[in-house]
Amino acid sequence: MTLQSTPASPQPARTRTDAGAPDAPRRRLRFPSAFTVLFVVTVAVWALTFVIPAGRYDTKDGSPVPGTYHSVQLTTGFWERLKDLFLAPVNGLYGVTDAGTGLTAPGGTGSFAGAAGVFLFILAVGAFITVTMRTGALTTGVARLAQRLHHRRTLLLVVLLTVFSLGGTTYGMAEETLGFYGLMIPLMLSLGYDRMVAATVVMVGAGVGTLASTVNPFATGVASDSAGIGTGDGIVLRLVMWACLTALAAAYVVRYARRVTEDPSRSLTPLTQDDLRIKSESGEAAKLTSRQRTVLHLFAATFLFMVFAVVPWSDLHVTFLPTLGWYFPELAALFIVAAVAVGLVGGLGEKGTVNAVTAGAGDFIGAALIVMLARGVTVIMNNASVTDTILDVLQSAVADTSSGVFAVLMFAVNLPLAFFVPSSSGHAALAMPILAPLADFAGVSRALVVTAYQSASGWVNLVTPTSAVVMGGLALAKVRYDRYLRFMAPLMGALLVAVAGFLALGAAVR
(Lines give C-alpha, C1' and ligand atoms only; values in the text may rest on other atoms or scores of the structure.)
Protein backbone atom coordinates (compact mmCIF):
# COMPACT_ATOMS: atom_id res chain seq x y z
CA MET A 1 0.00 0.00 0.00
CA THR A 2 1.10 3.54 -0.70
CA LEU A 3 0.20 6.58 1.34
CA GLN A 4 -1.33 9.82 0.13
CA SER A 5 -1.61 13.09 2.00
CA THR A 6 -5.06 14.63 2.47
CA PRO A 7 -5.84 18.25 3.24
CA ALA A 8 -6.16 19.07 6.89
CA SER A 9 -9.58 19.95 8.27
CA PRO A 10 -10.34 23.68 8.21
CA GLN A 11 -11.68 23.56 11.83
CA PRO A 12 -8.94 23.90 13.01
CA ALA A 13 -6.42 23.94 10.15
CA ARG A 14 -3.67 22.44 12.30
CA THR A 15 -3.43 21.22 15.89
CA ARG A 16 -0.36 21.26 18.06
CA THR A 17 1.21 18.83 20.44
CA ASP A 18 2.22 19.69 23.98
CA ALA A 19 5.65 20.56 22.68
CA GLY A 20 4.16 23.19 20.39
CA ALA A 21 4.98 21.44 17.13
CA PRO A 22 2.20 20.97 14.59
CA ASP A 23 0.86 17.49 14.01
CA ALA A 24 1.74 15.80 10.74
CA PRO A 25 -0.98 15.97 8.06
CA ARG A 26 -3.42 13.13 8.13
CA ARG A 27 -2.64 10.37 5.67
CA ARG A 28 -4.86 7.69 4.20
CA LEU A 29 -4.23 4.36 2.61
CA ARG A 30 -4.56 4.21 -1.17
CA PHE A 31 -4.88 1.03 -3.22
CA PRO A 32 -1.74 0.39 -5.28
CA SER A 33 -1.71 0.71 -9.05
CA ALA A 34 -1.94 -2.25 -11.41
CA PHE A 35 1.84 -1.98 -11.94
CA THR A 36 2.52 -2.46 -8.23
CA VAL A 37 0.04 -5.32 -8.03
CA LEU A 38 1.68 -7.08 -10.98
CA PHE A 39 5.17 -6.52 -9.52
CA VAL A 40 4.06 -8.16 -6.28
CA VAL A 41 2.38 -10.97 -8.22
CA THR A 42 5.53 -11.52 -10.29
CA VAL A 43 7.78 -11.86 -7.23
CA ALA A 44 5.22 -14.00 -5.36
CA VAL A 45 4.73 -16.36 -8.31
CA TRP A 46 8.49 -16.67 -8.75
CA ALA A 47 8.86 -17.59 -5.06
CA LEU A 48 6.02 -20.12 -5.29
CA THR A 49 7.72 -21.92 -8.19
CA PHE A 50 10.21 -23.26 -5.62
CA VAL A 51 7.30 -24.83 -3.69
CA ILE A 52 4.87 -25.96 -6.40
CA PRO A 53 5.88 -29.30 -7.97
CA ALA A 54 6.92 -29.19 -11.61
CA GLY A 55 4.81 -31.14 -14.08
CA ARG A 56 3.44 -31.16 -17.60
CA TYR A 57 0.59 -32.47 -19.72
CA ASP A 58 1.09 -34.14 -23.05
CA THR A 59 -0.37 -31.91 -25.74
CA LYS A 60 -2.23 -32.45 -28.99
CA ASP A 61 -2.70 -29.56 -31.43
CA GLY A 62 -1.58 -27.19 -28.71
CA SER A 63 -4.14 -28.37 -26.14
CA PRO A 64 -3.45 -30.45 -23.00
CA VAL A 65 -4.58 -34.08 -23.15
CA PRO A 66 -6.69 -35.10 -20.12
CA GLY A 67 -5.14 -37.78 -17.91
CA THR A 68 -1.57 -37.25 -19.16
CA TYR A 69 -0.26 -34.98 -16.39
CA HIS A 70 3.10 -36.18 -15.04
CA SER A 71 5.93 -34.84 -12.90
CA VAL A 72 9.08 -33.53 -14.55
CA GLN A 73 12.58 -32.81 -13.31
CA LEU A 74 13.75 -29.23 -13.73
CA THR A 75 17.16 -28.71 -15.27
CA THR A 76 17.46 -25.04 -14.26
CA GLY A 77 19.17 -24.01 -11.05
CA PHE A 78 18.59 -21.10 -8.69
CA TRP A 79 20.66 -18.58 -10.67
CA GLU A 80 18.94 -19.44 -13.94
CA ARG A 81 15.56 -18.98 -12.27
CA LEU A 82 16.70 -15.71 -10.70
CA LYS A 83 17.62 -14.60 -14.21
CA ASP A 84 14.08 -15.53 -15.33
CA LEU A 85 12.72 -13.15 -12.71
CA PHE A 86 15.07 -10.39 -13.84
CA LEU A 87 14.16 -10.89 -17.51
CA ALA A 88 10.42 -11.43 -16.93
CA PRO A 89 9.30 -8.09 -18.49
CA VAL A 90 11.63 -8.59 -21.47
CA ASN A 91 10.42 -12.15 -22.00
CA GLY A 92 6.86 -10.86 -21.68
CA LEU A 93 7.50 -8.55 -24.64
CA TYR A 94 9.64 -10.55 -27.06
CA GLY A 95 10.67 -13.86 -25.47
CA VAL A 96 11.10 -16.92 -27.71
CA THR A 97 10.37 -20.48 -26.55
CA ASP A 98 12.99 -23.03 -27.58
CA ALA A 99 11.40 -26.10 -29.14
CA GLY A 100 13.91 -28.48 -27.57
CA THR A 101 14.10 -27.27 -23.96
CA GLY A 102 10.70 -25.59 -23.71
CA LEU A 103 12.34 -22.59 -22.01
CA THR A 104 11.57 -19.01 -22.99
CA ALA A 105 14.34 -16.42 -23.30
CA PRO A 106 15.12 -13.34 -25.41
CA GLY A 107 16.55 -14.18 -28.82
CA GLY A 108 17.17 -17.68 -30.05
CA THR A 109 14.93 -19.75 -32.28
CA GLY A 110 11.55 -21.32 -31.68
CA SER A 111 8.00 -20.09 -31.19
CA PHE A 112 7.34 -16.48 -30.23
CA ALA A 113 6.00 -16.21 -26.66
CA GLY A 114 6.06 -12.45 -26.06
CA ALA A 115 3.26 -9.93 -26.35
CA ALA A 116 4.98 -7.61 -28.83
CA GLY A 117 2.09 -7.86 -31.31
CA VAL A 118 -0.48 -6.95 -28.67
CA PHE A 119 1.86 -4.22 -27.36
CA LEU A 120 2.07 -2.47 -30.74
CA PHE A 121 -1.63 -2.92 -31.37
CA ILE A 122 -2.56 -1.15 -28.12
CA LEU A 123 -0.31 1.78 -29.01
CA ALA A 124 -1.87 1.95 -32.49
CA VAL A 125 -5.41 2.03 -31.07
CA GLY A 126 -4.35 4.73 -28.61
CA ALA A 127 -2.95 6.83 -31.44
CA PHE A 128 -6.12 6.42 -33.51
CA ILE A 129 -8.48 7.37 -30.68
CA THR A 130 -6.40 10.39 -29.60
CA VAL A 131 -6.14 11.73 -33.17
CA THR A 132 -9.92 11.41 -33.56
CA MET A 133 -10.56 13.18 -30.25
CA ARG A 134 -8.25 16.07 -31.20
CA THR A 135 -10.26 16.79 -34.32
CA GLY A 136 -13.23 17.54 -32.05
CA ALA A 137 -15.45 15.33 -34.17
CA LEU A 138 -16.53 12.92 -31.43
CA THR A 139 -17.42 15.56 -28.84
CA THR A 140 -19.23 17.75 -31.37
CA GLY A 141 -21.00 14.75 -32.87
CA VAL A 142 -22.42 13.67 -29.50
CA ALA A 143 -23.43 17.26 -28.72
CA ARG A 144 -25.25 17.59 -32.05
CA LEU A 145 -27.01 14.28 -31.50
CA ALA A 146 -28.14 15.48 -28.10
CA GLN A 147 -29.45 18.74 -29.54
CA ARG A 148 -31.47 16.98 -32.24
CA LEU A 149 -33.16 14.73 -29.67
CA HIS A 150 -33.53 17.46 -27.06
CA HIS A 151 -37.33 17.31 -27.07
CA ARG A 152 -37.42 13.50 -26.87
CA ARG A 153 -35.85 13.00 -23.49
CA THR A 154 -36.35 9.27 -23.11
CA LEU A 155 -35.16 8.50 -26.63
CA LEU A 156 -32.15 10.77 -26.04
CA LEU A 157 -31.14 8.86 -22.91
CA VAL A 158 -31.39 5.51 -24.71
CA VAL A 159 -29.48 6.73 -27.77
CA LEU A 160 -26.67 8.36 -25.77
CA LEU A 161 -26.25 5.35 -23.48
CA THR A 162 -26.18 3.08 -26.54
CA VAL A 163 -23.54 5.28 -28.22
CA PHE A 164 -21.28 5.01 -25.18
CA SER A 165 -22.00 1.29 -24.98
CA LEU A 166 -20.91 0.92 -28.61
CA GLY A 167 -17.65 2.61 -27.67
CA GLY A 168 -17.19 0.16 -24.81
CA THR A 169 -17.94 -2.99 -26.79
CA THR A 170 -15.79 -2.06 -29.80
CA TYR A 171 -12.69 -0.39 -28.36
CA GLY A 172 -13.05 -0.53 -24.59
CA MET A 173 -14.04 3.12 -24.12
CA ALA A 174 -12.85 4.06 -20.63
CA GLU A 175 -10.60 7.06 -20.00
CA GLU A 176 -12.05 8.69 -23.11
CA THR A 177 -15.39 9.05 -21.27
CA LEU A 178 -13.87 11.64 -18.92
CA GLY A 179 -14.03 14.25 -21.68
CA PHE A 180 -17.83 13.91 -22.00
CA TYR A 181 -18.96 14.83 -18.48
CA GLY A 182 -18.61 18.53 -19.21
CA LEU A 183 -21.09 18.03 -22.06
CA MET A 184 -23.52 15.64 -20.36
CA ILE A 185 -24.01 17.56 -17.10
CA PRO A 186 -25.47 20.80 -18.55
CA LEU A 187 -27.44 18.79 -21.10
CA MET A 188 -29.09 16.52 -18.53
CA LEU A 189 -29.73 19.38 -16.11
CA SER A 190 -31.43 21.36 -18.89
CA LEU A 191 -33.69 18.36 -19.56
CA GLY A 192 -34.83 18.28 -15.92
CA TYR A 193 -32.63 15.39 -14.80
CA ASP A 194 -29.93 15.35 -12.12
CA ARG A 195 -26.19 14.73 -11.99
CA MET A 196 -26.69 11.01 -11.35
CA VAL A 197 -28.38 10.64 -14.74
CA ALA A 198 -25.58 12.60 -16.41
CA ALA A 199 -22.91 10.43 -14.78
CA THR A 200 -24.55 7.08 -15.41
CA VAL A 201 -25.46 7.69 -19.05
CA VAL A 202 -21.72 7.91 -19.67
CA MET A 203 -20.29 5.53 -17.07
CA VAL A 204 -22.91 2.78 -17.17
CA GLY A 205 -23.19 2.99 -20.95
CA ALA A 206 -19.47 2.53 -21.59
CA GLY A 207 -19.14 0.11 -18.67
CA VAL A 208 -21.87 -2.26 -19.81
CA GLY A 209 -20.49 -2.12 -23.34
CA THR A 210 -17.09 -3.17 -22.01
CA LEU A 211 -18.71 -5.90 -19.89
CA ALA A 212 -20.26 -7.33 -23.06
CA SER A 213 -17.25 -6.65 -25.29
CA THR A 214 -17.57 -7.99 -28.81
CA VAL A 215 -14.22 -7.05 -30.37
CA ASN A 216 -12.76 -4.77 -27.66
CA PRO A 217 -9.00 -5.11 -28.27
CA PHE A 218 -8.06 -4.49 -24.62
CA ALA A 219 -10.35 -7.22 -23.27
CA THR A 220 -11.54 -9.64 -25.96
CA GLY A 221 -8.45 -9.19 -28.12
CA VAL A 222 -5.81 -9.69 -25.43
CA ALA A 223 -7.76 -12.53 -23.79
CA SER A 224 -8.30 -14.34 -27.08
CA ASP A 225 -4.61 -14.01 -27.92
CA SER A 226 -3.65 -15.42 -24.51
CA ALA A 227 -6.19 -18.23 -24.94
CA GLY A 228 -4.85 -19.15 -28.38
CA ILE A 229 -8.07 -18.37 -30.28
CA GLY A 230 -9.25 -15.69 -32.69
CA THR A 231 -10.90 -12.47 -31.54
CA GLY A 232 -14.03 -13.32 -33.52
CA ASP A 233 -14.54 -16.69 -31.77
CA GLY A 234 -17.65 -16.53 -29.60
CA ILE A 235 -18.80 -13.22 -31.08
CA VAL A 236 -22.41 -14.36 -31.60
CA LEU A 237 -22.98 -14.91 -27.87
CA ARG A 238 -21.25 -11.64 -27.05
CA LEU A 239 -23.40 -9.72 -29.56
CA VAL A 240 -26.57 -11.09 -27.98
CA MET A 241 -25.23 -10.24 -24.53
CA TRP A 242 -24.34 -6.71 -25.61
CA ALA A 243 -27.81 -6.02 -27.03
CA CYS A 244 -29.66 -7.43 -24.01
CA LEU A 245 -27.45 -5.94 -21.30
CA THR A 246 -27.40 -2.52 -22.97
CA ALA A 247 -31.20 -2.61 -23.11
CA LEU A 248 -31.30 -3.62 -19.43
CA ALA A 249 -28.98 -0.77 -18.42
CA ALA A 250 -30.89 1.76 -20.54
CA ALA A 251 -34.21 0.71 -19.01
CA TYR A 252 -32.77 1.06 -15.51
CA VAL A 253 -31.35 4.55 -16.11
CA VAL A 254 -34.56 5.71 -17.84
CA ARG A 255 -36.64 4.42 -14.92
CA TYR A 256 -34.57 6.44 -12.45
CA ALA A 257 -34.64 9.52 -14.71
CA ARG A 258 -38.44 9.43 -14.96
CA ARG A 259 -38.74 9.04 -11.21
CA VAL A 260 -36.56 12.13 -10.70
CA THR A 261 -38.59 14.28 -13.10
CA GLU A 262 -41.87 13.20 -11.50
CA ASP A 263 -40.63 13.70 -7.93
CA PRO A 264 -37.35 15.67 -7.58
CA SER A 265 -37.24 14.83 -3.86
CA ARG A 266 -36.34 11.24 -4.81
CA SER A 267 -33.13 12.32 -6.51
CA LEU A 268 -29.91 10.84 -5.10
CA THR A 269 -28.13 14.06 -6.11
CA PRO A 270 -30.52 16.96 -5.42
CA LEU A 271 -30.03 20.12 -7.47
CA THR A 272 -27.82 22.84 -6.01
CA GLN A 273 -27.70 26.56 -6.80
CA ASP A 274 -24.74 25.83 -9.07
CA ASP A 275 -26.81 23.23 -10.92
CA LEU A 276 -29.62 25.73 -11.45
CA ARG A 277 -27.13 28.25 -12.85
CA ILE A 278 -25.64 25.67 -15.24
CA LYS A 279 -29.14 24.67 -16.30
CA SER A 280 -30.04 28.24 -17.20
CA GLU A 281 -26.78 28.85 -19.08
CA SER A 282 -26.80 25.75 -21.30
CA GLY A 283 -26.58 26.84 -24.92
CA GLU A 284 -26.42 25.67 -28.49
CA ALA A 285 -24.03 22.94 -29.62
CA ALA A 286 -21.51 23.79 -32.33
CA LYS A 287 -22.24 22.58 -35.84
CA LEU A 288 -20.32 19.71 -37.36
CA THR A 289 -17.97 20.83 -40.10
CA SER A 290 -17.59 18.84 -43.29
CA ARG A 291 -14.17 17.72 -42.07
CA GLN A 292 -15.65 16.46 -38.80
CA ARG A 293 -18.40 14.58 -40.62
CA THR A 294 -15.79 12.84 -42.74
CA VAL A 295 -13.76 12.02 -39.62
CA LEU A 296 -16.80 10.41 -37.99
CA HIS A 297 -17.38 8.33 -41.10
CA LEU A 298 -13.74 7.21 -41.11
CA PHE A 299 -13.89 6.46 -37.38
CA ALA A 300 -16.98 4.26 -37.77
CA ALA A 301 -15.66 2.61 -40.93
CA THR A 302 -12.38 1.65 -39.25
CA PHE A 303 -14.11 -0.22 -36.44
CA LEU A 304 -16.64 -1.80 -38.78
CA PHE A 305 -13.81 -3.06 -40.97
CA MET A 306 -11.99 -4.39 -37.89
CA VAL A 307 -15.08 -6.41 -36.98
CA PHE A 308 -15.34 -7.69 -40.55
CA ALA A 309 -11.64 -8.62 -40.64
CA VAL A 310 -11.57 -10.65 -37.40
CA VAL A 311 -14.89 -12.51 -37.60
CA PRO A 312 -14.54 -16.10 -38.88
CA TRP A 313 -17.42 -15.86 -41.36
CA SER A 314 -16.89 -19.38 -42.66
CA ASP A 315 -17.40 -20.81 -39.15
CA LEU A 316 -20.71 -18.95 -39.01
CA HIS A 317 -21.69 -20.48 -42.37
CA VAL A 318 -21.71 -17.05 -44.02
CA THR A 319 -20.43 -17.94 -47.48
CA PHE A 320 -20.88 -14.62 -49.29
CA LEU A 321 -18.27 -12.85 -47.10
CA PRO A 322 -14.57 -13.76 -47.18
CA THR A 323 -12.83 -14.72 -43.93
CA LEU A 324 -9.75 -12.49 -43.78
CA GLY A 325 -8.43 -13.95 -40.52
CA TRP A 326 -6.70 -10.72 -39.55
CA TYR A 327 -4.80 -10.68 -36.30
CA PHE A 328 -2.81 -8.15 -34.28
CA PRO A 329 -0.15 -7.32 -36.92
CA GLU A 330 -2.72 -6.45 -39.59
CA LEU A 331 -5.00 -4.67 -37.11
CA ALA A 332 -2.13 -2.56 -35.76
CA ALA A 333 -1.32 -1.48 -39.32
CA LEU A 334 -5.01 -0.70 -39.92
CA PHE A 335 -5.21 1.67 -36.94
CA ILE A 336 -1.90 3.36 -37.71
CA VAL A 337 -3.01 4.09 -41.29
CA ALA A 338 -6.46 5.17 -40.07
CA ALA A 339 -4.90 7.51 -37.47
CA VAL A 340 -2.86 9.26 -40.14
CA ALA A 341 -5.85 9.50 -42.47
CA VAL A 342 -8.11 10.92 -39.74
CA GLY A 343 -5.49 13.47 -38.70
CA LEU A 344 -4.96 14.75 -42.22
CA VAL A 345 -8.67 14.75 -43.13
CA GLY A 346 -9.54 16.36 -39.80
CA GLY A 347 -7.27 19.32 -40.49
CA LEU A 348 -4.55 18.60 -37.92
CA GLY A 349 -1.86 18.88 -40.56
CA GLU A 350 1.38 16.92 -40.74
CA LYS A 351 2.81 18.22 -37.48
CA GLY A 352 -0.49 18.05 -35.59
CA THR A 353 -1.14 14.51 -36.77
CA VAL A 354 2.33 13.32 -35.76
CA ASN A 355 1.99 15.00 -32.35
CA ALA A 356 -1.43 13.42 -31.81
CA VAL A 357 -0.19 9.96 -32.84
CA THR A 358 2.78 10.10 -30.46
CA ALA A 359 0.64 11.56 -27.66
CA GLY A 360 -1.97 8.86 -28.13
CA ALA A 361 0.63 6.10 -28.06
CA GLY A 362 2.02 7.69 -24.91
CA ASP A 363 -1.41 7.80 -23.27
CA PHE A 364 -1.87 4.08 -23.88
CA ILE A 365 1.67 2.94 -23.05
CA GLY A 366 0.51 2.08 -19.54
CA ALA A 367 -1.96 -0.52 -20.80
CA ALA A 368 0.67 -1.94 -23.15
CA LEU A 369 3.25 -2.24 -20.36
CA ILE A 370 0.73 -3.99 -18.12
CA VAL A 371 0.18 -6.65 -20.79
CA MET A 372 3.95 -7.07 -21.06
CA LEU A 373 4.35 -7.50 -17.29
CA ALA A 374 1.46 -9.95 -17.05
CA ARG A 375 2.86 -12.04 -19.91
CA GLY A 376 6.17 -12.08 -18.03
CA VAL A 377 4.44 -13.83 -15.11
CA THR A 378 3.26 -16.52 -17.52
CA VAL A 379 6.83 -17.03 -18.77
CA ILE A 380 8.12 -17.49 -15.21
CA MET A 381 5.48 -20.16 -14.57
CA ASN A 382 6.14 -21.95 -17.85
CA ASN A 383 9.92 -21.97 -17.40
CA ALA A 384 9.44 -23.49 -13.94
CA SER A 385 6.90 -26.01 -15.33
CA VAL A 386 4.25 -25.13 -12.74
CA THR A 387 1.50 -23.91 -15.10
CA ASP A 388 0.30 -27.43 -15.86
CA THR A 389 0.46 -28.32 -12.15
CA ILE A 390 -1.93 -25.48 -11.32
CA LEU A 391 -4.07 -26.46 -14.29
CA ASP A 392 -4.25 -30.05 -13.01
CA VAL A 393 -5.45 -28.86 -9.59
CA LEU A 394 -8.11 -26.63 -11.12
CA GLN A 395 -9.16 -29.37 -13.50
CA SER A 396 -9.72 -31.70 -10.55
CA ALA A 397 -11.87 -29.04 -8.87
CA VAL A 398 -14.22 -28.63 -11.85
CA ALA A 399 -14.04 -32.18 -13.20
CA ASP A 400 -17.50 -33.25 -12.03
CA THR A 401 -19.36 -30.04 -12.86
CA SER A 402 -21.67 -29.55 -15.81
CA SER A 403 -20.62 -27.22 -18.62
CA GLY A 404 -23.09 -24.57 -17.41
CA VAL A 405 -21.78 -24.67 -13.84
CA PHE A 406 -18.22 -24.57 -15.19
CA ALA A 407 -18.93 -21.40 -17.15
CA VAL A 408 -20.42 -19.68 -14.09
CA LEU A 409 -17.45 -20.83 -11.98
CA MET A 410 -15.08 -19.21 -14.48
CA PHE A 411 -17.02 -15.98 -14.04
CA ALA A 412 -16.80 -16.24 -10.24
CA VAL A 413 -13.07 -17.01 -10.26
CA ASN A 414 -12.37 -13.87 -12.28
CA LEU A 415 -14.28 -11.50 -9.97
CA PRO A 416 -11.57 -11.14 -7.29
CA LEU A 417 -8.88 -11.00 -9.98
CA ALA A 418 -10.71 -8.09 -11.60
CA PHE A 419 -10.69 -6.18 -8.31
CA PHE A 420 -6.96 -6.58 -7.72
CA VAL A 421 -6.02 -6.06 -11.38
CA PRO A 422 -8.50 -3.44 -12.68
CA SER A 423 -6.69 -3.30 -16.03
CA SER A 424 -8.74 -5.55 -18.32
CA SER A 425 -5.74 -6.26 -20.55
CA GLY A 426 -3.46 -7.07 -17.60
CA HIS A 427 -6.14 -9.31 -16.10
CA ALA A 428 -6.54 -11.14 -19.41
CA ALA A 429 -2.84 -11.72 -19.97
CA LEU A 430 -2.45 -12.93 -16.38
CA ALA A 431 -5.41 -15.30 -16.12
CA MET A 432 -6.15 -16.68 -19.57
CA PRO A 433 -3.06 -18.90 -20.01
CA ILE A 434 -4.23 -20.90 -16.96
CA LEU A 435 -8.01 -20.68 -17.24
CA ALA A 436 -8.49 -21.12 -21.00
CA PRO A 437 -7.16 -24.72 -21.17
CA LEU A 438 -9.72 -25.71 -18.52
CA ALA A 439 -12.34 -25.34 -21.24
CA ASP A 440 -10.74 -28.27 -23.06
CA PHE A 441 -11.35 -30.50 -20.04
CA ALA A 442 -14.91 -29.25 -19.54
CA GLY A 443 -15.83 -29.77 -23.17
CA VAL A 444 -16.69 -26.13 -23.85
CA SER A 445 -15.20 -23.54 -26.16
CA ARG A 446 -12.25 -21.48 -24.95
CA ALA A 447 -14.20 -18.48 -26.23
CA LEU A 448 -16.67 -19.07 -23.40
CA VAL A 449 -13.88 -18.68 -20.83
CA VAL A 450 -12.88 -15.44 -22.56
CA THR A 451 -16.48 -14.22 -22.31
CA ALA A 452 -16.63 -15.21 -18.63
CA TYR A 453 -13.40 -13.33 -17.91
CA GLN A 454 -14.40 -10.10 -19.69
CA SER A 455 -17.85 -10.16 -18.09
CA ALA A 456 -16.30 -10.44 -14.63
CA SER A 457 -13.79 -7.70 -15.39
CA GLY A 458 -16.47 -5.39 -16.78
CA TRP A 459 -18.89 -6.09 -13.92
CA VAL A 460 -16.34 -5.28 -11.22
CA ASN A 461 -15.03 -2.21 -13.05
CA LEU A 462 -18.50 -0.66 -13.01
CA VAL A 463 -18.10 0.09 -9.30
CA THR A 464 -14.58 -0.70 -8.11
CA PRO A 465 -12.83 2.12 -6.23
CA THR A 466 -9.53 0.95 -7.74
CA SER A 467 -10.66 2.25 -11.15
CA ALA A 468 -9.53 5.74 -12.11
CA VAL A 469 -12.37 5.85 -14.64
CA VAL A 470 -15.03 5.35 -11.95
CA MET A 471 -13.54 7.64 -9.33
CA GLY A 472 -12.45 10.27 -11.86
CA GLY A 473 -15.83 10.28 -13.57
CA LEU A 474 -17.69 10.67 -10.28
CA ALA A 475 -15.37 13.50 -9.27
CA LEU A 476 -16.04 15.33 -12.55
CA ALA A 477 -19.79 14.78 -12.21
CA LYS A 478 -19.68 15.76 -8.51
CA VAL A 479 -21.51 12.60 -7.50
CA ARG A 480 -20.64 10.99 -4.18
CA TYR A 481 -19.33 7.44 -4.42
CA ASP A 482 -21.69 6.10 -1.72
CA ARG A 483 -24.70 7.49 -3.59
CA TYR A 484 -23.44 6.02 -6.85
CA LEU A 485 -23.19 2.61 -5.13
CA ARG A 486 -26.74 3.02 -3.86
CA PHE A 487 -27.89 3.74 -7.42
CA MET A 488 -25.92 0.83 -8.88
CA ALA A 489 -26.77 -1.90 -6.35
CA PRO A 490 -30.00 -3.17 -8.01
CA LEU A 491 -28.48 -2.93 -11.49
CA MET A 492 -25.36 -4.83 -10.39
CA GLY A 493 -27.56 -7.63 -9.06
CA ALA A 494 -29.56 -7.79 -12.29
CA LEU A 495 -26.39 -7.81 -14.42
CA LEU A 496 -24.90 -10.57 -12.25
CA VAL A 497 -27.91 -12.83 -12.78
CA ALA A 498 -28.12 -12.00 -16.49
CA VAL A 499 -24.44 -12.71 -17.15
CA ALA A 500 -24.61 -16.05 -15.31
CA GLY A 501 -27.64 -16.97 -17.40
CA PHE A 502 -25.93 -16.06 -20.68
CA LEU A 503 -22.82 -18.05 -19.76
CA ALA A 504 -24.88 -21.11 -18.87
CA LEU A 505 -26.81 -20.71 -22.13
CA GLY A 506 -23.56 -20.43 -24.09
CA ALA A 507 -22.29 -23.63 -22.53
CA ALA A 508 -25.54 -25.44 -23.24
CA VAL A 509 -25.59 -24.37 -26.89
CA ARG A 510 -22.02 -25.58 -27.28
Side-chain angles (χ1 to χ4, degrees), residues 45-46 48-77 80-81 84 87-88 91-92 94-106 108-115 117 222-230 233-234 312 315 327 374-403 405-407 409-410 413-414 428-453 507 510:
V45 167
W46 179 80
L48 286 172
T49 61
F50 291 92
V51 179
I52 301 174
R56 290 193 183 279
Y57 278 101
D58 294 338
T59 59
K60 182 179 180 180
D61 298 328
S63 299
V65 179
T68 62
Y69 174 80
H70 56 279
S71 299
V72 297
Q73 187 68 35
L74 287 182
T75 58
T76 53
E80 288 85 355
R81 293 168 75 173
D84 280 344
L87 291 176
N91 278 325
Y94 61 88
V96 175
T97 302
D98 185 89
T101 64
L103 299 178
T104 300
T109 57
S111 59
F112 191 72
V222 175
S224 299
D225 176 66
S226 299
I229 60 176
D233 292 344
D315 293 346
Y327 207 47
R375 186 66 62 89
V377 176
T378 302
V379 171
I380 289 175
M381 295 172 63
N382 288 341
N383 280 357
S385 298
V386 300
T387 302
D388 284 4
T389 301
I390 298 172
L391 180 60
D392 183 60
V393 173
L394 292 175
Q395 186 269 330
S396 300
V398 301
D400 297 325
T401 63
S402 65
S403 57
V405 173
F406 168 82
L409 281 176
M410 288 298 97
V413 165
N414 279 288
L430 187 66
M432 284 301 100
I434 295 177
L435 298 182
L438 285 174
D440 302 332
F441 297 120
V444 301
S445 167
R446 290 191 177 196
L448 193 64
V449 179
V450 171
T451 303
Y453 133 76
R510 171 69 177 179

Assess the residue pair L409 and T401 against the criterion (side-chain contact (heavy atoms from CB on, under 4.5 Å)); give the C-alpha distance rounded to whole Å, side-chain angles, the decisive distance to 0.1 Å, and a yes or no. CA-CA 9 Å; L409 281 176; T401 63; 4.1 Å; yes
Could you check whether any side-chain heavy atom of S111 comes within less than 4.5 Å of a side-chain heavy atom of V96, counting everything from C-beta outward? no
Counting C-beta onward and ignoring hydrogens, is there a side-chain heavy-atom pair between Y69 and T389 closer than 4.5 Å? yes
I'd like to check D98 versus L103 (side-chain heavy atoms, cut-off strictly below 4.5 Å). Are they in contact? no
If you look at every heavy atom in L74 and S385, which pair is closest and at what distance? CD2-OG, 3.8 Å
Considering non-hydrogen atoms only, spot the tightest contact between A452 and A407 and give its length. CB-O, 4.0 Å
Heavy-atom nearest pair, A227 first then M432, reads N-CB, 4.3 Å
Using the rule given for side-chain contact (heavy atoms from CB on, under 4.5 Å), can you reason through T49 versus I380, listing the C-alpha separation, both sets of side-chain angles and the distance that settles it, and then say yes or no? CA-CA 8 Å; T49 61; I380 289 175; 4.2 Å; yes
Rounded to the nearest 0.5 Å, what's the gap from CZ on R56 to OG1 on T68? Could you check? 12.0 Å
For V222 and A428, work out which heavy atoms get closest and say how close. CG1-CB, 3.9 Å
side-chain contact (heavy atoms from CB on, under 4.5 Å) assessment of D233 paired with S224: CA-CA 8 Å; D233 292 344; S224 299; over 6 Å; no
Taking NZ, NE, NH1 and NH2 as the nitrogens, is one of them in D440 or R446 under 4.0 Å from a carboxylate oxygen of the other? yes
What is the distance from atom CG of N414 to atom CG of L435, rounded to the nearest 0.5 Å? 5.5 Å
Working note: H70 + D58, criterion side-chain contact (heavy atoms from CB on, under 4.5 Å); need CA distance, chi angles, decisive distance, verdict. CA-CA 9 Å; H70 56 279; D58 294 338; 3.4 Å; yes
Grab the two heavy atoms, one from A223 and one from V450, that are nearest each other, plus how far apart they are. CB-CG1, 3.7 Å
Check whether any side-chain heavy atom of P106 lies under 4.5 Å from a side-chain heavy atom of L87, and answer yes or no. yes
I need the T104 OG1 to Y94 OH distance, nearest 0.5 Å. 13.5 Å
If you round to the nearest 0.5 Å, how far is CG of N91 from OG1 of T97? 8.5 Å
Are F406 and V449 side-chain neighbours, meaning at least one heavy-atom pair lies under 4.5 Å? yes
Checking S403 now: which residues fulfil side-chain contact (heavy atoms from CB on, under 4.5 Å) with it, not counting sequence neighbours? V444, A507
Could you check whether any side-chain heavy atom of M410 comes within less than 4.5 Å of a side-chain heavy atom of T451, counting everything from C-beta outward? no
When you compare the side chains of R81 and T76, does any donor N or O come within less than 3.5 Å of an acceptor on the partner? no
Once salt bridge (charged side-chain N to carboxylate O under 4.0 Å, His left out) is applied, do any residues pair with D225, and if so which ones, sequence neighbours excluded? R375
